[in-house]
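Lettering of chains follows the sequences in order, A, B, ..., and the numbering in each one begins at 1. Note that these values count all heavy atoms, side chains included, but never hydrogens, waters or copies made by symmetry. The structure displayed is predicted, hence computed values, not measured ones.
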Amino acid sequence: MAVDVRVIERSDLSALLVALREAGYEVIAPVPGDGSIDYDVVTGDGERPAGFSDEQGPGAYRLKMCDHELLFDFAAGASSWKKFLFPPSLTLFSAQRRQRSFEVLPGTADPPPRAFLGVRACDLAAIDIQDKIFLGGAFVDPSYRQRRKDVFIVAVNCTRAGGSCFCASMGTGPRVSAGFDLALTELKIGERHCFTAEPGSDRGEAVLARLGSPPAGPALEAEARSASARCAASMARQMVTDGLRDLLVQNQEHPRWRDVASRCLACANCTLVCPTCFCATVQDVTDLAGERAERIRVWDSCFSAEHSHLHGASVRRTTRSRYRQWMTHKLAYWIDQFGTSGCVGCGRCITWCPAGIDITEEAAAIRAGGATTTAPNSGG
Amino acid sequence: MARLRKPKLAVWKFSSCDGCQLSLLDCESELLAVAGAIDIANFPEASRAVTGGPYDLSLVEGSITTPHDAERIHRVRRLSRFLVSIGACATAGGIQALRNFKDVRDFTAMVYARPEYIDTLARSTPIADHVPVDFELRGCPISKAQLLEVASAFLNSRRPNVPTYSVCMECKRKGATCVLVASTTPCLGPVTQAGCGALCPSYHRGCYGCFGPMENANTDSLNQRWQALGASAADLVLAYRTFNACAPAFRDAAAGLDAERRP
């Protein structure tokens, strides 16, 4: 059955946000944060900031204002939806001493049902991957399940590729195909500024029915599709994925690992901005009186020594071994573990690397063979 | 829980500004809990009432810069079951370790009317260069939260949660936008140990490296990035030679740059 795509005029978009709020969701949407696009809870009339765009490249990000008044002309910022589903810090439980025993108290409270507005195709793919990690298999993460279960997803198809984007080559974007409740495409045709709105679920259909949005019609639908196609075609960066798993597995001693280690800061930025990286460490915190204890889960990274600390020492002491672990896990062993690459092509690790290391370039260098330079000051 | 005996705490000062030991008094709302859990036996900044040693926990602030202090630290060690050095002075020699790059007599001659009265060592050195140290708590000044964490870990016989990774981890966890990437502000965060809660980057300033080098710091790579932003080798030398000038990774980075700029 063909999906009934509607059109929402620019002036009616705030009505969508208000409708979602009235349906009981806390609406979270992109906001021009502190020098970068962030995500925050929408309050007030639902009106969205217009005209924001960005310039991105290896180790470089600029948030900028444009005259075009588009609402979604930016690519991924440092933040991702990960912080709402897998929070940077989460109290798992606390314990209070009661005479000779102790009482276990709940940890961080679960949030209300949420609507994510403006989920890009890469990030939707990332959520799908984290679903496999936290909800698939024998051990389900209860806090992730609780945070994930009612999320209403309003996806936004990308119509402009960011400078670090390579989703097209990872097969995740720039257009969403499944896993959303509504998918919008922002269009500006002459003076008309509107969104095509494709329902992806009964919930999405119900919201559109409530808004009374008219059918988009074949012309707008075709324009939306070609806007995504133009975006894909303009994407300058790409990851060659053919045989990538085997390539990395078979090149554990490639000289490029030493070369990248000479540039890698082991600062962990790439892993924390990655929307699929899921490593955490658990800390037990006690008060001075020994009356109260908390178990806290915080984001960790395979670039820290503590992450691989086993039996008195770290087993990955060099940056070379840590970078190799990260990249081979992400692009190779992830496939064995979860049935999918861990990379969605969002480009965050490229943009937010202070040293400007480009994962697509590193993969290409390994593919190119052994004729790479070896830096003298390598960490490994 | 009523412990059999409250552990005795002593706070010792060597060459320092007192800022780190004052962070114990800065604990404000937690101070009563500290006093409740610990017998503050020797802390002249807080009380003139001094109880003799031995002490269960000694917090040692400051670096060793005089022959007298080089002797005194051994007595402190003998009196202490656990010895924790606190702050950049005690863990890396502090700002006064800038003397280590020059002849200290040139400074005393410049500053004092009668330099012959000044009895000082040629170098400012961290506590661990003189006696075994059980834990080093970094920072200029130390973080109040980390101090409480170390005290609490000590009281509860557990390992302190004091990470050795970069300041970047703290920026990303709190959602602070990277000043280096988004506004080309020179920042030492990618080579500096976490602990401050990413204080400066949260206020759009680059990191000054107050907590010293992180584990596995790659200063060569960060230098290249700074230089691409227009920083000179001299700018970088100044950046590394501040509060933790003699922490090995920062000392070596500055020495390398120094050699580079005057071949």
Side-chain angles (χ1 to χ4, degrees), chain A residues 33-36 38-39 54 56 59-63 77-79 83 87-89 97 99 261-269 271-273 281 283-291 293 296 298-301 303-307 314 317-319 322 351-357 375 377 379, chain B residues 1-3 27 30 32-38 148-149 151-161 163-184 187 189-192 194 201-202 204 214-222 224-226 228 256:
Chain A
D34 199 9
S36 159
D38 199 357
Y39 302 99
D54 57 37
Q56 299 195 37
Y61 182 97
R62 294 292 167 279
L63 186 63
S79 269
K83 70 174 181 179
S89 175
R97 189 181 291 279
Q99 275 115 27
S262 73
R263 288 170 281 132
C264 175
L265 294 154
C267 61
N269 275 304
T271 53
L272 300 192
V273 296
T281 185
Q283 299 172 344
D284 287 336
V285 177
T286 49
D287 71 351
L288 289 162
E291 291 294 317
I296 300 171
V298 295
W299 283 355
D300 197 9
S301 168
F303 283 92
S304 78
E306 283 127 301
H307 182 269
S314 173
R317 286 169 40 247
T318 62
T319 299
R322 293 179 200 170
T351 295
W352 298 99
C353 173
I357 296 170
N377 60 341
Chain B
M1 179 182 60
R3 290 193 176 84
C27 287
E30 293 94 344
L32 286 175
V34 173
I38 300 176
L148 286 170
E149 169 58 19
S152 173
F154 162 76
L155 288 168
N156 291 286
S157 306
R158 63 172 174 82
R159 201 166 73 101
N161 294 309
T164 58
Y165 49 61
S166 69
V167 171
C168 304
M169 292 270 284
E170 295 188 313
C171 270
K172 287 294 176 286
R173 280 185 192 149
K174 75 191 288 194
T177 301
C178 179
V179 296
L180 190 58
V181 167
S183 50
T184 62
C187 176
V191 295
T192 299
S202 306
H204 311 118
M214 65 181 274
E215 179 268 344
N216 257 10
N218 186 349
T219 50
D220 284 349
S221 177
L222 189 67
Q224 283 175 28
R225 179 67 204 252
W226 275 47

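Residue contact with chain A, scored on non-hydrogen atoms closer than 4.5 Å, involves the backbone and the side chain of B:Pro163 alike. At a 4.5 Å heavy-atom cutoff, A:Asp54 makes no contact with chain B through either its backbone or its side chain. Both the backbone and the side chain of B:Thr164 come within less than 4.5 Å of a heavy atom of chain A. Proximity to chain A is absent for every atom of B:Arg159, based on heavy atoms less than 4.5 angstrom apart. Interface remark: B:Met169 contributes backbone and side-chain atoms alike to the contact with chain A (heavy atom separation under 4.5 Å).
Of the inter-residue distances, the one linking B:Cys168 atom SG with A:Phe303 atom CZ reads 12.0 Å to the nearest 0.5 angstrom. Within the model, atoms CG of B:Asn216 and OG of A:Ser304 stand 10.5 Å from one another, a figure rounded to the nearest 0.5 Å. Taking OG of A:Ser89 as the reference point, atom NZ of B:Lys174 lies at 13.0 Å (rounded to 0.5 Å). Taking CG of A:Leu265 as the start and CG of B:Leu180 as the end, the distance is 8.5 Å to the nearest 0.5 Å.
With sequence neighbours excluded, the residues that form a salt bridge (Lys or Arg N to Asp or Glu O under 4.0 Å) with A:Arg263 are A:Asp259, A:Glu362.
Closest approach of B:Ser166 to A:Cys267, counting heavy atoms only: OG-O, 2.7 Å. Closest approach of A:Val298 to B:Arg173, counting heavy atoms only: CG2-NH2, 3.7 Å. Residues A:Leu288 and B:Ala37 come closest through the heavy atom pair O-CB, 3.6 Å.
Interface check for chain A: of the options B:Arg158, B:Met214, B:His204, the most heavy-atom pairs under 4.5 Å are formed by B:Arg158. Heavy-atom pairs under 4.5 Å with chain B were tallied for A:Thr286, A:Asp34, A:Leu272; the largest tally goes to A:Thr286. The most heavy-atom pairs under 4.5 Å with chain B, out of A:Gly59, A:Gly35, A:Ala293, A:Ser79, come from A:Gly59. The greatest number of non-hydrogen atom pairs below 4.5 Å with chain B, out of A:Ala78, A:Pro354, A:Ala266, is found for A:Pro354. Note on B:Thr219, B:Thr184, B:Thr192, B:Val191: by heavy-atom pairs under 4.5 Å with chain A, the leading option is B:Thr184.
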- [ ] Could you give me the CA-CA distance, side-chain angles and deciding distance for B:Thr177 and A:Trp352, then say whether side-chain contact (heavy atoms from CB on, under 4.5 Å) is met?
- [x] CA-CA 10 Å; B:Thr177 301; A:Trp352 298 99; 4.1 Å; yes

TODO: Could you go through the side-chain contact (heavy atoms from CB on, under 4.5 Å) check for A:Gln56 and B:Val181 one step at a time?
DONE: CA-CA 10 Å; A:Gln56 299 195 37; B:Val181 167; over 6 Å; no

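The residues A:Arg322 and B:Glu215 are annotated as salt-bridged, a charged nitrogen and a carboxylate oxygen being separated by less than 4.0 angstrom.
A donor-acceptor pair is defined here as one N or O able to donate and one able to accept, closer than 3.5 Å; no such pair exists between the side chain of A:Asp287 and the backbone of B:Ser152.
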